[in-house]
Amino acid sequence: MFNKRVIIKDLLTWEPGSQEVTVMGWVRTFRNGQFIALNDGSTNSNLQVVLDLGKYGSEFQKRIAVSAALKINGTVIASPGKGQKLELKATSVEILGDSDPEKYPLQPKKHSLEFLREIAHLRFRTNTFGSVFRIRHALAFAIHKFFNDKGFLYMHTPIISASDAEGAGELFKVTTLPLENIPKNENGSVNFKEDFFERSTNLTVSGQLEAELGATAFGNVYTFGPTFRAENSNTARHLAEFWMIEPEMAFYDLEDNMNLAEEFIKYIIKYAVAHNREDLEFLTQRLEDEEKHLPQDKRSEMSLLQKLEFVLQHEFERITYTEAVEILKESNYNKKEKFRFPVTGWGMDMQSEHERYLVEKHFKKPVIIRNYPKEIKAFYMRQNEDGKTVTAMDILVPGIGEIVGGSQREERLDRLEQRMKEMNIPEKDLWWYLDIRRFGTVPHSGFGLGFERMVQFVTGMTNIRDVIAFPRTPGNAEF
RNA sequence: UCCUCAGUAGCUCAGCUGGUUAGAGCAUCUGACUGUUAAUCAGAGGGUCACUGGUUCAAGUCCAGUCUGAGGAGCCA
């Protein structure tokens with residue numbers, strides 16, 4: 001019988017009254033041969049367990065080492081010591097799993113995030129990663145709740161795909177062909193007829209195109225699944241395997257799309273602020289301690305919790321691409337030539353330093369930029385009447401950059417076909433996508449939100465590798 | 001992939017213009033103490049100075065290459 005254990009998070013809210021309970025967890029510290037700080041992952045707060053002096057013998061006490069797993073029976077009493085309201089007076093202690101202190105790498109002290117990344121299988125046992133992953137869970141749950149409450153249908157789009165949806169980026173090939181002896185056609189190309197699917201396939205880079213098929217039947221759908229990009233990107237905000245949320249809505253124009261995206265982002269932040277207060281307070285403190293080493297001008301203007309509250313209380317700034325370029329051109333930064341990449345004018349693809357200037361220096365809050373030049377955006381975005389721009393929108397947030405990319409989709413068959421020709425997208429692979437425009441086509445819109453970037457924004461973690469359990473990046477697929 | 005910086009004990013780091021047996025805090029081990037909060041006190045063990053090659057009487061320190069990591073850039077979510 002193991003499931004009668006009391007969860008420490010719940011127990012800590014009790015009024016002590018000599019209740020007899022069983023708790024199980026892992027030792028965080030053992031002080032004075034008498035006091036165990038026990039943690040079961042439900043909260044960063046530890047339960048103080050008090051042992052009777054001399055009752056267990058020194059051999060047994062040695063086994064109460066950091067991260068040993070214990071089952072403890074005891075009574076909940078008011079704590080005479082400072083620092084905790086209650087404690088557990090142990091009546092019996094059982095060691096479920098030993099932890100050799102000579103070999104266990106974690107200590108009750110600060111570790112660098114780089115070091116913890118190398119022991120990702122153990123880093124959940126730290127306060128920082130405990131908080132990050134409880135918040136990650138809460139955000140994932142809030143996302144499903146938000147869409148479910150709005151009547152969206154959760155759609156599972158394929159992981160293995162034959163189409164290169166956005167024409168974007170390098171793909172991971174999926175094959176069962178023998179790598180040491182790949183069957184070839186007469187012209188030397190790979191003979192995919194002999195492959196498992198009898199065609200070339202890869203891991204998905206987006207579920208959007210399939211989600212559009214769902215939206216034009218169910219009205220509102222969303223996907224929430226893994227996404228794969230084989231780009232050789234080595235940055236604090238890119239992963240080869242990441243999770244993406246892609247809502248797709250029929251009868252939505254860009255305005256509706258932006259409204260939904262802003263409401264959505266605020267909803268899930270609000271959920272975390274309401275349900276993960278303790279973890280957010282811990283991470284807020286962590287960031288403040290971190291920034292104590294930095295010079296004054298490098299420190300954040302707001303604490304993590306202040307930043308989240310600020311985002312909740314203010315409208316996102318909404319500007320057009322054209323306005324964004326004007327702001328950049330007129331900025332003191334540009335006039336003093338502080339940008340590494342000069343602002344060349346309309347038609348330029350904004351560099352991250354430009355986006356960061358708009359978000360962090362100029363507006364100091366999330367910004368939605370819409371109506372980009374069609375040349376720098378994907379084929380499926382709806383063309384505006386000016387012949388130059390498409391109804392795209394990106395949402396940029398301080399510290400992270402682009403967190404959402406979306407658009408109204410081109411629902412007019414002739415316009416879509418013309419754009420695909422211009423961009424050399426083969427129509428024959430996407431016949432099903434075009435069919436949607438042939439049979440009851442409707443204005444529709446959607447966006448993609450990078451889940452890990454969202455978790456970064458809410459937790460304040462600066463490296464994306466620290467908000468996913470086992471990060472996949474170039475040269476790294478351990479665990 | 002490009003640019004910049006770094007790699008010294010299990011962890012975090014010090015080690016000056018090259019010069020004897022390479023240091024500290026924490027952790028670990030031994031002992032003391034016992035209502036502690038990253039407990040405290042005393043002692044002990046622990047190093048291929050990332051790797052390979054070079055310069056030099058002498059290299060942790062200088063040079064070259066390689067590997068690994070971080071920050072920035074590109075690609076993007």
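Every chain is numbered from 1 and lettered A, B, ... according to where its sequence line falls, protein lines coming before strand lines.
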Out of rG71(B), rC75(B), rA73(B), whichever nucleotide has its closest atom nearest the side chain of Ala236(A)
rG71(B)
Between Ile464(A) and Phe242(A), is there a side-chain heavy-atom distance shorter than 4.5 Å?
no
Measure the acute angle between the ring planes of Tyr222(A) and Tyr154(A), then classify it against the limits of 30° and 60° as parallel, tilted or perpendicular.
parallel
Donor-acceptor pair (no angle test) under 3.5 Å: Gln84(A) side chain, rU36(B) base:
yes
Protein-nucleotide distance (Met348(A), atom CE; rG74(B), atom P), rounded to Å
11 Å
Watson-Crick/G-U partner (both atom distances under 3.5 Å) of rC62(B):
rG54(B)
Could you check whether Ser233(A) gets within reach of a base, just the sugar-phosphate, or nothing at all, counting any heavy atom under 4.0 Å?
base
Per atom distances to the Ile464(A) side chain, the nearest of rA73(B), rG35(B), rA77(B) is rA77(B)
Considering only the P atoms, how many Å lie between rU17(B) and rC62(B), rounded to the nearest integer?
9 Å
I want to verify a distance call: between rA73(B), rU37(B), rC75(B), whose nearest atom is closest to the Gln48(A) side chain?
rU37(B)
What's Lys103(A) touching, base or sugar-phosphate or nothing? Going by heavy atoms closer than 4.0 Å.
nothing
Out of rA77(B), rA38(B), rC75(B), which has the shortest distance to the side chain of Arg31(A)?
rA38(B)
Select one nucleotide: of rA39(B), rC76(B), rG72(B), the one nearest the side-chain heavy atoms of Arg340(A).
rG72(B)
So does Asn46(A) reach the base of rU37(B) with its side chain, donor to acceptor, closer than 3.5 Å?
no
Do Arg419(A) and Lys374(A) come close enough that some side-chain heavy atom pair is under 4.5 Å?
yes
Could you check whether the side chain of Glu353(A) and the base of rG72(B) have a donor-acceptor pair of N or O atoms closer than 3.5 Å, going by distance alone?
no
With a 4.0 Å cut-off on heavy atoms, is Glu241(A) in touch with a base, just the backbone sugar-phosphate, or nothing at all?
nothing
What is the separation between atom NZ on Lys55(A) and atom P on rG35(B), rounded to the nearest whole Å?
18 Å
rC51(B) and rA39(B): how far apart are their C1' atoms, nearest whole angstrom?
42 Å
Is there, by distance only and without an angle test, a donor paired with an acceptor across the side chain of His238(A) and the base of rC76(B) below 3.5 Å?
yes
Is the His362(A) ring parallel, tilted or perpendicular to the Tyr357(A) ring (thresholds 30°, 60°)?
tilted
Is it the case that the base of rG10(B) and the side chain of Glu102(A) share a donor-acceptor contact (distance under 3.5 Å, atom types as modelled)?
no
Could you say whether the aromatic ring of Phe35(A) and the base of rG35(B) stack, counting only centre distances under 5.5 Å and plane angles under 30°?
no
Parallel, tilted or perpendicular: which fits the ring planes of Phe147(A) and Phe152(A), with parallel below 30° and perpendicular above 60°?
tilted
